[in-house]
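Quick notes on the structure that follows.
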Amino acid sequence: MGRRSEGFPDRFLWGSATASYQVEGSVNDAGRGPSIWDTFSHTPGKVANHDTGDVADDFFRRYRDDVQLMNGLGIQAFRFSVAWPRVFPTGGGMPNPQGLDFYLRLVEELHAHGIEPFCTLYHWDMPQALQDRGGWESRDTAYRLAEYAGYVAGKLSAVGVKHFFTMNEIRTFVELGYGNGTHAPGLKVGRKRLAQLNHHALLGHGLSVQSIRAHAVGDVQVGVAENPIAPVPVTPSGDDIAAARTAMREENASYLTAILEGVYTDRYLAGLGVDAPHFTAEEMRIISTPLDVLGLNFYTSTYVRASHSPASYETLALPADFPHMASSWLTVSPECVHWGPRLVHECWRPKAIYITENGCSADDGLNANGECLDTGRIMYLRNCLSQLEHALAHGAPVQGYFVWSLLDNFEWADGYGKRFGIVHVDFKTQKRTPKLSARFYQKVIEGNGKNL
Ligand code: PNW
């Protein structure tokens with residue numbers, strides 16, 4: 001008997017996600033301090049078209065309308081991030097009450113519409129003052145993050161926020177921020193320093209989990225939102241599936257594997273040799289503090305097969321004509337949402353998983369009737385959600401899904417040139433126009449995914 005999908009569980013949560021610097025704007029308002037993304041985006045040549053997050057979606061001022069928009073689409077949960085430099089303008093010291101107040105008002109508005117808030121503490125907008133002291137290259141930054149995370153979680157849990165993610169995509173800010181320099185702070189530090197600052201970031205995560213629990217009021221669920229490489233077994237043979245499982249651990253060795261197992265794999269350490277990070281057993285214990293939930297962001301897959309090499313798996317190069325969406329890195333490989341959560345479940349048995357991001361860029365414009373008919377995105381989302389059903393059928397405890405993103409927004413180094421929203425934003429007028437994919441998502445939510 002083949003396994004048959006039971007579809008989405010009754011209490012499955014359907015959400016949308018954003019991040020502070022990508023949507024808020026108002027970068028000089030209410031006492032906010034500068035972040036590394038203000039510095040980076042104002043440095044000529046770093047971001048496409050000289051775009052900055054100075055205004056973005058003006059969400060800081062328009063959040064009420066946007067919550068109403070979500071409500072109209074039937075969206076049940078909203079993942080947002082807190083801008084660290086709004087709450088601690090220089091990274092530490094005295095909190096800025098006006099900064100926190102914005103998030104208190106946002107949460108109140110979400111609750112008034114029955115939308116469940118999911119809070120990410122660090123989605124890359126580090127206070128510039130901390131970067132000036134070394135950023136993640138300084139071990140002290142891990143402790144500053146934990147203080148900030150504990151403070152915010154204490155305040156937001158007191159008004160009913162129950163889900164907290166310490167960080168978003170450690171892999172991305174480490175590898176793009178300090179490895180190839182395409183994201184803030186725009187450094188290329190070399191592999192020894194990279195491995196060490198990666199370790200500091202993990203430590204910041206672990207310390208923050210503990211600090212959030214220590215300060216939270218009532219029961220809260222704490223986790224991390226990470227983007228593991230999702231290795232798809234290129235054929236469904238037992239050997240290729242076993243290879244994909246090995247690849248899941250090894251390809252994510254300094255991120256999810258370290259967090260969920262409390263070790264760096266032998267292969268990771270051997271590969272770095274003398275460049276391996278300095279770490280202690282106590283630090284690994286902190287890094288692997290047990291989590292209540294795991295957030296997983298998936299956009300793409302890799303394809304692997306078993307091999308007789310010592311690695312035991314081989315990652316296949318993609319042919320030049322492999323299809324992709326508007327961002328060249330965003331290959332159309334919806335299997336990531338099947339094999340990603342499934343292999344994570346098989347490797348580490350997390351208690352609960354949320355897909356904290358999934359979505360795609362598309363060249364979205366408005367037609368003569370003022371509509372955005374983004375059939376490419378609908379194709380992408382429908383296929384991903386169908387693949388997610390397979391993960392559920394194989395027992396992965398996925399409790400919710402957040403589409404990236406609610407709104408077109410500041411897409412980091414691509415500026416406003418790449419649109420990921422299910423709602424179109426005219427950046428000149430700030431006019432919001434739900435795309436056809438928003439209508440698609442609304443209907444999927446109404447049918448709890450049984451109508452895909
Ligand atoms: C994620 N890459 O970032 C982030 O969590 C979001 O803030 C972002 O808007 C979204 O995915 C879409 O890009 C990534 O180049 C940015 O491989 C770039 C890459 C991966 C993830």
Side-chain angles (χ1 to χ4, degrees), residues 14-25 37 41 45-63 65-75 78 182-183 297-300 321-334 357-385 401-445 452:
W14 297 95
S16 69
T18 62
S20 46
Y21 190 74
Q22 295 183 271
V23 299
E24 285 179 2
W37 270 97
S41 66
K46 299 296 185 189
V47 174
N49 197 37
H50 309 291
D51 289 338
T52 74
D54 289 1
V55 178
D57 290 325
D58 197 23
F59 182 78
F60 188 75
R61 300 192 305 160
R62 295 172 192 261
Y63 70 93
D65 294 341
D66 290 333
V67 170
Q68 207 147 35
L69 189 59
M70 272 191 273
N71 190 49
L73 295 173
I75 288 173
F78 181 54
T182 56
H183 278 195
N297 299 353
F298 290 117
Y299 292 90
T300 65
D321 66 349
F322 200 95
H324 62 80
M325 301 302 294
S327 310
S328 55
W329 60 271
L330 214 167
T331 51
V332 183
S333 46
E357 290 180 22
N358 173 243
C360 68
S361 50
D363 290 333
D364 300 314
L366 302 180
N367 68 15
N369 299 324
E371 297 174 295
C372 178
L373 304 178
D374 56 338
T375 46
R377 180 172 292 100
I378 292 173
M379 174 279 294
Y380 180 95
L381 294 177
R382 177 183 268 127
N383 279 289
C384 283
L385 290 170
Y401 170 93
F402 293 79
V403 68
W404 184 273
S405 179
L406 176 68
L407 304 169
D408 293 337
N409 61 46
F410 178 78
E411 176 54 17
W412 307 115
D414 289 326
Y416 298 100
K418 294 286 181 270
R419 295 176 176 270
F420 277 79
I422 58 171
V423 174
H424 181 274
V425 176
D426 178 330
F427 292 104
K428 289 204 182 72
T429 62
Q430 293 295 338
K431 185 176 184 331
R432 273 71 162 145
T433 307
K435 303 177 189 176
L436 195 54
S437 59
R439 173 87 178 148
F440 166 80
Y441 196 45
Q442 178 185 38
K443 292 291 145 192
V444 170
I445 297 171
L452 284 169

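The basis for the numbers below is simple: all heavy atoms, side chains too, and nothing from hydrogens, waters or symmetry mates.
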Does any non-hydrogen side-chain atom of Trp14 lie less than 4.5 Å from one of Leu73? no
If you apply the rule side-chain contact (heavy atoms from CB on, under 4.5 Å), what do you find for Ser361 with Glu411, and how did you get there? CA-CA 10 Å; Ser361 50; Glu411 176 54 17; over 6 Å; no
Do Asn383 side-chain atoms and Met379 backbone N/O form a donor-acceptor pair below 3.5 Å? yes
Which atom names give the shortest non-hydrogen contact between Asp57 and Arg432, and what distance separates them? O-NH2, 2.7 Å
Begin from the C-alpha positions of Phe420 and Leu330 and carry the test side-chain contact (heavy atoms from CB on, under 4.5 Å) through to its verdict. CA-CA 11 Å; Phe420 277 79; Leu330 214 167; 3.5 Å; yes
Verdict with supporting geometry, Asp374 and Ile422, side-chain contact (heavy atoms from CB on, under 4.5 Å): CA-CA 9 Å; Asp374 56 338; Ile422 58 171; 5.7 Å; no
Closest heavy-atom pair and its distance - Phe78, Leu406: CE1-CD2, 4.5 Å
If a pair satisfies salt bridge (charged side-chain N to carboxylate O under 4.0 Å, His left out) and one of its residues is in residues 418-431, list it, with sequence neighbours excluded. Asp408-Arg419
Residue pair Pro434 / Leu69: nearest heavy atoms and the distance that separates them: CG-CD1, 4.1 Å
Any donor-acceptor pair under 3.5 Å from Asn369 side chain to Asn367 backbone: no
With the side chain counted from C-beta on, respond yes when Phe410 and Phe427 share a heavy-atom pair under 4.5 Å apart, and no when they do not. no
Strictly below 4.0 Å, N to O, side chains only: are Asp65 and Arg62 in salt-bridge contact? no
Do Trp404 and Asn297 come close enough that some side-chain heavy atom pair is under 4.5 Å? no
Would you check, one step at a time, whether the test side-chain contact (heavy atoms from CB on, under 4.5 Å) holds for Lys435 with Val423? CA-CA 5 Å; Lys435 303 177 189 176; Val423 174; 5.8 Å; no
Compare every heavy atom of Phe60 with every heavy atom of Tyr63, then report the nearest pair and how far apart it is. CD2-O, 3.6 Å
What distance separates Leu407 CG from Phe59 CZ, expressed to the nearest 0.5 Å? 7.5 Å
Is it true that Tyr416 and Asn49 share a donor-acceptor pair across their side chains at a distance under 3.5 Å? no
Tightest non-hydrogen contact, residues His424 and Gly365, listed as NE2-CA, 4.5 Å
Is His324 close to Thr300 at the side-chain level, that is, under 4.5 Å between some pair of heavy atoms? no
Strictly distance-based, threshold 3.5 Å: is any side-chain N or O of Arg377 a donor or acceptor partner for the main-chain N or O of Cys360? yes
From CZ (Phe322) to OG (Ser333), nearest 0.5 Å: 5.5 Å
Side chains of Glu371 and Leu366, heavy atoms from C-beta outward: is any pair under 4.5 Å? no
Validation row: Ile445, Ile75 side chains within 4.5 angstrom (heavy atoms): yes
Nearest 0.5 Å please: distance from the CH2 atom of Trp412 over to the OH atom of Tyr21. 8.0 Å
Excluding sequence neighbours, so at least two apart, what forms ring-ring contact (aromatic ring centres under 6.0 Å, His included) with Tyr441? none
All heavy atoms of Ser405 vs all of Thr18, minimum pair found to be OG-CG2, 3.8 Å
Of all residues at least two apart in sequence or in a different chain, which pass the salt bridge (charged side-chain N to carboxylate O under 4.0 Å, His left out) check with Arg439? none
Are the side chains of Val47 and Thr52 in touch, meaning some heavy atoms are under 4.5 Å apart? no
OG1-CG distance between Thr429 and Asp58, expressed to the nearest 0.5 angstrom: 11.0 Å
